[in-house]
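Chain A is the first sequence line, chain B the second, and so forth, proteins listed ahead of strands; every chain is numbered from 1.
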Amino acid sequence: MCQKDPLDKNFNFSKAEPRLYEAWEKNGLFVADPEKPGDPFVIVIPPPNVTGNLHMGHALDVTLQDILIRYHRMKGDNTLWVPGMDHAGIATQNVVERELRSQGLTKDELGREKFVERVWEWKKTYGGNIARQLRRLGASCDWSRERFTMDEGLSKAVREVFVSLYEDDLIYRGQYIINWCPRCHTAVSDIEVEHEARKDKLYYIKYEVKDLPPLVVATTRPETCFGDTAVAVNPNDPRYGLYRGREAKVPLTERLVPVILDDYVDREFGTGALKVTPAHDPNDFLIARRHDLPFIMAIDESGKLTQAAGHYQGEDRDLVRKKMLGELDEKGLLEKIEPLDHAVGVCYRCRSVIEPLISKQWFVKTAPLAEAASLAVKDGRIKMIPVNWEKTFFDWMDNIRDWCVSRQLWWGHQIPAWHCQNCGRTTVSREDPDKCPNCQSNDIVRDEDVLDTWFSSGLWPFSTLGWPEKTRDLERYYPTSVLVTGFDIIFFWVARMMMMGLKTMGDIPFRAVVLHPLVRDPQGQKMSKSKGNVIDPLEILDNLGADAFRFALTAQAGQARDLKLDVKRVEGYSKFVNKIWNAARFALAALEGQSEADTGQAENAGQGQADTGKAFGLKPEALPDRWVRSRLRAVVGEVRSAVEGFHFDRYAEALYQFTWYEFCDWYLELIKPILYGPDKVARAKTLYWLKLTLLELLKLLHPVMPFVTEELWSKLSGQGGYLMVEPFPEVLDNQDDPSAEKLVRCLMDVTRAVRQVRSDFGLNPIVKVAPVVLTKNPEIRALIEANGQLLLKLMGAEKLSLAENFNERPKDSASNVLDWGEIWTPLTGLIDPASEEARLNKEADKLANDINAANNKLANPDYLKKAPEEIVSETREKLEAMETRLASIKRALDVVKGLN
RNA sequence: AGGCGUGUAGCUCAGGGGGAGAGCACUACCCUGACACGGUAGUGGUCAAGAGUUCAAAUCUCUUCACGCCUACCA
């Protein structure tokens with residue numbers, strides 16, 4: 001054997017990762033070519049925000065996508081993974097505004113144009129972070145096709161879609177009650193409002209009515225009363241019959257508002273009387289429309305009271321609430337205050353309380369689009385994985401409301417609409433107009449609003465491929481294959497892509513949606529900066545490497561909703577990386593040893609080690625080789641079906657088990673006698689299969705652990721090139737070898753049986769035993785004879801004999817009963833039997849119990865009649881086995897007692 | 001309020017009508033010539049509770065409890 005170490009003792013990931021990634025990228029291995037053959041396999045990355053830094057969610061998302069991409073690339077598909085970033089309207093604008101503020105500037109001082117320039121500058125400087133971080137994870141995206149939602153091409157797509165939706169009457173502008181964020185100073189859509197449960201108060205306030213007792217109204221928001229334009233009661237509420245047609249006085253004002261009747265009012269809630277504030281409550285808005293009530297803005301876009309609030313004008317809404325409660329109380333208009341649990345809407349960006357108010361905004365008419373999207377899922381054109389998300393999806397699509405798409409921001413796609421100052425006509429157009437097409441006036445102004453960020457993300461699957469141009473990419477790669485994302489953005493993004501894709505392209509945007517869990521901290525809490533429970537993926541990458549991290553994420557990516565990430569798990573898998581590394585180190589040493597020792601042995605190796613074994617034909621001969629090939633074949637099958645069915649956890653698990661517990665623990669041990677033995681031909685043959693199997697194992701592992709596998713490939717394959725573009729192993733039927741599997745299982749049985757005895761009786765590993773195997777099966781006898789030396793080593797024995805009859809049993813020996821025979825291990829003079837007696841008794845009790853249960857079962861006529869035959873006979877066999885085992889335990893007990 | 005989901009070993013989870021599983025952790029022994037980031041053998045669970053269907057239930061059904069999440073126009 002070779003003395004020098006062909007490899008370092010451990011994988012130096014921090015050095016290897018950047019080197020390997022750079023090599024892949026430089027060699028253009030990520031770049032897709034539409035002209036090449038192969039079924040297209042396409043993923044568009046969920047574009048991270050430009051402002052973003054890599055977090056756990058990205059890490060998981062990207063790892064799973066990269067597994068799919070690498071797998072399909074190796075499988076020979078024409079594979080494309082489009083990376084890119086989202087301009088993230090509010091988020092980015094907030095970041096840059098904050099930066100300005102630290103310089104004592106505001107965006108208004110700067111002006112729109114300058115401000116937008118600043119954002120672009122910011123993007124240039126800091127926007128590349130996330131792309132670099134994705135590279136560290138090993139993401140094999142086609143960076144030559146990287147896109148940004150504000151790119152020229154994508155902006156063109158946005159404009160084209162907006163205009164054509166407008167032309168199809170699917171976009172309209174109107175004055176409606178919308179969700180306003182007073183901090184971000186913009187409208188937000190319904191789903192951008194999150195509901196937070198709060199302990200609040202319900203205030204009972206008196207509205208005076210002439211000649212009648214005051215009408216008491218319950219409200220959580222007294223400060224909005226300055227916008228009240230009615231008080232409503234339920235028409236069937238007898239308590240308020242007298243108030244019909246009367247007027248009530250809004251407290252702290254002299255304003256009189258009508259008392260109206262509306263079914264919406266819940267008689268049970270509060271006093272059964274509702275103040276109607278159409279400009280600040282969506283329901284009141286609807287009531288007002290039914291009753292033709294006026295609208296009064298009481299709160300402005302900064303959350304301050306308007307002139308409608310009299311002396312409170314200009315003051316903040318929360319402050320006014322406090323002050324006016326005092327005033328109401330003073331004037332005897334506050335009846336009582338009750339505690340109330342309810343949900344309050346907050347901005348998903350900044351968590352400020354949303355102020356519903358009336359405003360002129362642009363909307364997308366979603367109902368027809370949603371119907372088409374639902375249909376695509378219902379008829380199976382788009383699959384959702386796991387399927388149970390479909391129900392949630394349908395639920396939402398069935399109850400969808402129009403989508404407010406205009407935002408009062410500067411950073412984003414400005415709406416292509418021009419308002420004529422002369423005739424008032426609004427023009428929506430693909431080209432910037434210079435005059436009003438209606439009245440020819442030059443006095444036209446562009447609408448100031450920009451579009452919701454999610455509008456452009458909704459076009460992502462086709463805008464990134466070049467649409468509206470008729471590109472080759474679009475033709476070849478649309479629809480995309482799979483969308484991989486967290487379920488938290490099904491509505492924000494997934495549904496919108498479906499609607500936009502179906503409408504614009506006339507085809508689904510992707511064939512499958514894989515929804516993975518959300519990464520939580522070990523307590524199951526959402527990771528957030530404010531909670532301080534964020535685990536930084538970059539830190540894990542630094543400490544444990546990308547492969548271990550990716551493997552841990554993959555192994556935990558089941559179909560549950562949460563993935564509670566445990567760093568310990570990553571540490572565990574970093575040991576797995578090490579295990580693979582060392583297995584390869586072993587193989588490499590053996591291969592090099594062989595090439596040195598066998599120099600000139602042309603009859604074995606042909607042209608040296610790279611081709612070693614080709615001369616032996618395609619069939620492994622030695623039992624370990626036959627076995628490992630057969631087992632590998634099974635694993636290839638498991639791996640392929642796991643990946644294709646998006647069972648990432650099973651994929652990882654299958655490889656972990658096979659690599660560690662079969663390939664390393666057994667195969668490498670089983671072949672050692674051959675590798676160290678005198679038969680050079682046998683050695684060369686086994687080396688061939690060792691190398692081949694290891695290389696194939698590297699291929700199987702590559703999608704999840706790209707770095708260590710690529711590194712080992714370069715050391716081991718001897719053929720240059722890159723593992724990442726090697727063909728993925730296939731399930732080959734001629735590799736199946738059940739008899740080899742059965743025989744190796746026999747070797748394992750014997751070994752484990754003796755090891756168990758050693759351990760049970762507390763034998764020191766130095767103590768040698770001399771077991772006797774009883775079996776009449778000639779095949780197994782031959783097997784044991786052939787592997788005598790190996791077995792001695794594996795079980796720590798000095799002698800192994802075969803017996804044919806029970807009466808050959810040595811005195812004072814422990815016995816293990818197996819399917820095909822029995823093993824006796826003589827213990828005379830070797831042990832202290834005191835503790836063993838208890839253990840055996842315990843096992844005997846348990847067995848007696850089980851035997852009893854099995855007997856009862858077999859005595860049940862219904863069971864015999866109705867249970868399938870194979871189940872019944874299985875039970876009989878089990879019973880028999882248990883009885884035999886019990887007998888042997890009893891014998892063991894005798895032995896132990898005898899030794900005492 | 002409705003919908004969805006979860007509850008299996010100390011932890012993280014897989015499985016899913018007929019023998020309770022994995023990883024980590026833990027215990028004992030072992031530095032045996034790839035790996036101590038290793039090896040061998042183990043400990044540990046009324047599969048949340050109750051009822052039902054069945055020859056057979058952790059698995060299917062119903063109820064209850066606990067915990068999540070999503071949706072929602074009780075001010």
Nearest whole angstrom, please: distance from the [atom2] of [N] to the [atom1] of [X].
{"X": "Asp263(A)", "N": "rC74(B)", "atom1": "CG", "atom2": "C1'", "result": "15 Å"}
{"X": "Phe648(A)", "N": "rC13(B)", "atom1": "CZ", "atom2": "P", "result": "18 Å"}
{"X": "Tyr264(A)", "N": "rA75(B)", "atom1": "OH", "atom2": "P", "result": "7 Å"}
{"X": "Asp760(A)", "N": "rA28(B)", "atom1": "CG", "atom2": "P", "result": "17 Å"}
{"X": "Met397(A)", "N": "rG3(B)", "atom1": "CE", "atom2": "C1'", "result": "17 Å"}
{"X": "Lys846(A)", "N": "rG19(B)", "atom1": "NZ", "atom2": "P", "result": "13 Å"}
{"X": "Asp284(A)", "N": "rC74(B)", "atom1": "CG", "atom2": "P", "result": "12 Å"}
{"X": "Ile191(A)", "N": "rC73(B)", "atom1": "CD1", "atom2": "P", "result": "13 Å"}

### Query
Where do Thr751(A) and Asp749(A) land on the side chain to side chain donor-acceptor pair (under 3.5 Å) test, with the steps shown first?
CA-CA 5 Å; Thr751(A) 308; Asp749(A) 285 345; over 6 Å; no
With rounding to whole Å, what would you report as the distance between [N] and [M] at their [atom1] atoms?
{"N": "rU64(B)", "M": "rC70(B)", "atom1": "C1'", "value": "23 Å"}
{"N": "rC62(B)", "M": "rU27(B)", "atom1": "C1'", "value": "44 Å"}
{"N": "rA66(B)", "M": "rA49(B)", "atom1": "C1'", "value": "11 Å"}
{"N": "rC31(B)", "M": "rA22(B)", "atom1": "C1'", "value": "28 Å"}
{"N": "rC13(B)", "M": "rU8(B)", "atom1": "P", "value": "10 Å"}
{"N": "rG2(B)", "M": "rG10(B)", "atom1": "P", "value": "35 Å"}
{"N": "rG3(B)", "M": "rU46(B)", "atom1": "C1'", "value": "32 Å"}
{"N": "rA34(B)", "M": "rA20(B)", "atom1": "C1'", "value": "35 Å"}

Taking only distance into account, with no hydrogens and no angle test, what donor-acceptor pairs under 3.5 Å do side-chain atoms of residues 854-866 of chain A form with protein atoms, sequence neighbours excluded?
{"unit_1": "Asn855(A)", "atom_1": "ND2", "unit_2": "Ile851(A)", "atom_2": "O", "d": "3.3"}
{"unit_1": "Asn860(A)", "atom_1": "OD1", "unit_2": "Asp862(A)", "atom_2": "N", "d": "2.8"}
{"unit_1": "Asn860(A)", "atom_1": "OD1", "unit_2": "Tyr863(A)", "atom_2": "N", "d": "3.4"}
{"unit_1": "Tyr863(A)", "atom_1": "OH", "unit_2": "Thr875(A)", "atom_2": "OG1", "d": "2.7"}

Checking [X] now: which residues fulfil side-chain hydrogen bond (donor to acceptor under 3.5 Å, both in side chains) with it, not counting sequence neighbours?
{"X": "Arg758(A)", "result": "none"}
{"X": "Thr884(A)", "result": "none"}
{"X": "Asp266(A)", "result": "none"}
{"X": "Thr693(A)", "result": "Arg629(A)"}

## Note on the structure
Counting primed atoms, P, OP1 and OP2 as sugar-phosphate and everything else as base, the B/S/- map of nucleotides 31-40 of chain B against protein heavy atoms under 4.0 Å is ---BBSBSSS
Name the closest nucleotide to the [X] side chain, picking from [options].
{"X": "Tyr656(A)", "options": "rU12(B), rG23(B), rC70(B)", "result": "rG23(B)"}
{"X": "His342(A)", "options": "rC4(B), rA75(B), rG23(B)", "result": "rA75(B)"}
{"X": "Thr220(A)", "options": "rG15(B), rA72(B), rA75(B)", "result": "rA75(B)"}
{"X": "His195(A)", "options": "rA22(B), rA72(B), rA75(B)", "result": "rA72(B)"}

By side-chain contact (heavy atoms from CB on, under 4.5 Å) - contacts of [X] (at least two apart):
{"X": "Arg752(A)", "value": "Trp666(A), Met748(A)"}
{"X": "Tyr264(A)", "value": "Asp262(A), Leu274(A), Asn283(A), Ile287(A), Arg290(A)"}
{"X": "Glu571(A)", "value": "Leu544(A), Val567(A), Lys568(A)"}

### Task
Look at the rings of Phe491(A) and Trp396(A) and say which category their plane angle falls in: under 30° parallel, 30 to 60° tilted, over 60° perpendicular.
parallel
### Query
Would you call the rings of Phe551(A) and Tyr656(A) parallel, tilted or perpendicular, where under 30° means parallel and over 60° means perpendicular?
tilted
### Task
Counting Watson-Crick and G-U wobble pairs whose two distances are both under 3.5 Å, find the runs of 3 or more in a row that involve RNA chain B.
B:1-7 with B:65-71, B:10-13 with B:21-24, B:26-30 with B:38-42, B:48-52 with B:60-64
### Task
May I ask you to list the residues of residues 856-870 of chain A, by number, that have any heavy atom positioned under 4.0 Å from an atom of RNA chain B?
Asn860(A), Asp862(A), Tyr863(A), Lys866(A), Ala867(A), Pro868(A)
### Gln657(A) (side chain) donor-acceptor with Glu653(A) (main chain) under 3.5 angstrom
no
### Query
Any donor and acceptor pair, going by atom type alone, linking the side chain of Arg650(A) with main-chain N or O of Ala642(A) inside 3.5 Å?
no
Below 4.0 Å: OP1/OP2 of [N] and any side-chain N or O of [X]:
{"X": "Arg401(A)", "N": "rC73(B)", "answer": "yes"}
{"X": "Lys275(A)", "N": "rA75(B)", "answer": "no"}
{"X": "Arg569(A)", "N": "rC11(B)", "answer": "no"}

### Task
Provide the full list of salt bridge (charged side-chain N to carboxylate O under 4.0 Å, His left out) pairs with a residue in residues 220-233 of chain A, sequence neighbours left out, each pair given once.
Arg221(A)-Glu223(A), Arg221(A)-Glu355(A), Glu223(A)-Arg321(A), Asp228(A)-Lys275(A)
### Message
Both Asp281(A) and Asp190(A) contact RNA chain B. Taking the nearest nucleotide for each, which residue is further toward the 5' end?
### Response
Asp190(A)
Classify the nucleic acid contact of [X] as base, sugar-phosphate or nothing, counting any heavy atom under 4.0 Å across all strands shown.
{"X": "Arg221(A)", "answer": "nothing"}
{"X": "Glu571(A)", "answer": "nothing"}
{"X": "Glu268(A)", "answer": "nothing"}

